Amino acid sequence: MTGFKHHFEPTSLREYDIRGIVGKTLHAEDAYALGRVFASMIRRDGGSVVTVGYDGRLSSPELEEALVRGAVDSGVTVRRVGRGPTPMLYYAAVTGESDGAIMVTGSHNPPDHNGFKMMLKGKPFFGERIREVGRLAAAGDVVPKAEGKVETIDPSEAYIERLLKDYDGERPLKVVWDNGNSAAGEVLTRLVKELPGEHTVLYPEIDGTFPNHHPDPTVEGNLQDLIRTVREKKADIGVAFDGDADRVGVVDGKGEILWGDQILVLLARDVLKKHPGATIIADVKASQVLFDEVGKAGGEPLMWRTGHSLIKSKMAETSSPLAGEMSGHIFFADKWYGFDDALYGAIRVLGIVARLPGTLADMREALPQMVNTPELRFPCDDTRKFDVIKEVAERLKKEGADVSSVDGVRVNTPDGWWLLRASNTQAVLVGRIEAQSHEGLARLKKAFVSQLEASGLQAPDFDAAAAGH
């Protein structure tokens with residue numbers, strides 16, 4: 001017997017990561033238990049090496065320490081990469097022949113949240129495997145306690161060199177970066193010194209209190225400093241990151257935002273020149289314009305479920321060279337390793353912009369102009385949110401609506417489409433609505449609201465929901 005048993009707070013075991021509120025639903029004991037169980041799974045699978053990193057949140061060092069202790073107690077070698085962006089940990093794990101990797105990160109969630117993203121043998125660890133962690137911990141089903149060892153490594157120099165290798169711009173650019181006090185700060189500061197052009201970095205200091213703005217580039221309010229600085233400096237482009245730098249935001253030289261699907265159009269056109277006919281994947285929140293533009297560029301568009309682990313798995317299954325989400329996760333298998341990396345995505349975007357005959361703004365303005373809402377987020381209890389989606393799906397089926405149920409419900413009408421799905425990371429429902437006209441948008445909003453009200457939820461304040469409140 002090991003004498004080890006642990007019960008995770010059920011709401012912390014999410015679809016593709018473990019996430020909770022520090023001191024309430026997530027504790028150092030959870031980190032230790034995860035290390036103990038995850039390393040046991042690796043040992044039983046014949047592995048022996050786990051790579052561990054952490055982001056800039058105030059609670060991350062304590063959680064990382066407990067995590068390492070748990071893994072060592074299961075007899076593995078733990079390679080600690082220290083503080084940095086999530087993709088640097090992925091890079092270290094994929095190139096360093098690690099059997100598994102765990103990143104301590106709260107990503108884009110509020111400062112008092114934290115969690116863990118995991119990779120097993122270079123592939124995402126999610127869904128049933130995360131539920132298995134909960135079951136094994138509760139049963140105390142781990143390998144006997146053993147004495148592993150700890151190694152400290154610094155992959156940052158090799159990572160930066162590898163990022164620079166794929167920069168292929170033909171003219172110097174003027175670039176503004178908003179690090180947003182994210183975990184990429186130190187790496188980004190070194191990276192821009194090696195890139196051609198003129199670079200300004202906002203908020204390079206890593207600070208887990210996020211004193212300047214929330215680290216989520218999908219929310220327009222968080223990009224205001226970047227937009228203002230791009231316009232002041234007459235820059236070609238602005239780039240922003242989330243808290244652990246696996247999601248990217250982009251603004252053009254006019255200070256206008258390119259949303260995740262518009263970034264993907266830019267990238268897809270470029271990648272499809274080398275991979276004609278390839279499958280390009282985007283999540284259900286993406287504009288119809290993206291899927292149409294991928295087709296026009298000679299690609300095979302595929303709509304898939306939201307979630308970085310789910311997208312990565314689908315990429316491997318379809319041999320897709322490129323995928324993306326509205327949330328700013330961009331995944332390259334073309335030249336890269338298939339994982340989401342905001343720094344790498346930015347390097348590829350800069351390369352394309354530095355080869356365009358015109359400006360990034362010209363490219364954005366040439367896209368078909370749709371009328372749409374940004375991502376809408378409505379509070380809904382974790383215990384209720386998935387039931388609401390089931391109820392809505394059943395009503396729509398009875399009405400004979402044209403529905404895609406890849407992830408939640410995406411309803412197509414002559415006006416456009418609307419989407420409602422349950423978030424896998426927060427106690428919210430997520431919506432998005434897109435139409436060809438303002439009148440069409442109004443009709444779609446009405447249909448959207450009527451479905452929410454039929455499930456007992458009050459009509460949303462669209463402005464507050466769009467601001468991420």
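Predicted, not measured: the structure shown is a model, and the values here were computed from it.
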- Contacts of type ring pair (Phe, Tyr, Trp, His ring centres under 6.0 Å), residue Phe125, not counting sequence neighbours: Phe38
- Task: Would you please say whether a donor-acceptor pair under 3.5 Å links the side chains of Ser40 and Ser74?
- Result: yes
- Can you find a side-chain donor-acceptor pair between Thr86 and Asp55 that sits under 3.5 Å? no
- Item | Partner of Lys314 by side chain to side chain contact (heavy atoms under 4.5 Å, CB included), out of Thr318, Leu310, Ile311 | Thr318
- Message: Is it true that Asp334 and His275 share a donor-acceptor pair across their side chains at a distance under 3.5 Å?
- Response: yes
- Item | Leu188 side chain near Val201 side chain, heavy-atom distance below 4.5 Å | yes
- Beyond-backbone contact of Glu325 with Asp340, side-chain heavy atoms, under 4.5 angstrom: no
- Query: Can you list the residues that meet the salt bridge (Lys or Arg N to Asp or Glu O under 4.0 Å) rule with Lys121, with sequence neighbours excluded?
  - Reply: Asp45
- Gln288 atom CD, neighbour heavy-atom count above 12 within 6.0 Å: yes
- Query: With a 4.5 Å heavy-atom cut-off, do Leu322 and Arg348 have their side chains touching?
  - Reply: no
- Task: Write out all pairs satisfying ring pair (Phe, Tyr, Trp, His ring centres under 6.0 Å) with one or both partners inside residues 42-100, taking only residues at least two apart or from two chains.
- Result: Tyr90-Phe339, Tyr91-Tyr159, Tyr91-Tyr337
- Query: Can Asp283 and His329 be counted as having a side-chain donor-acceptor contact under 3.5 angstrom?
  - Reply: no
- Any chance the side chains of Asn109 and Ser107 put a donor and an acceptor closer than 3.5 Å? no
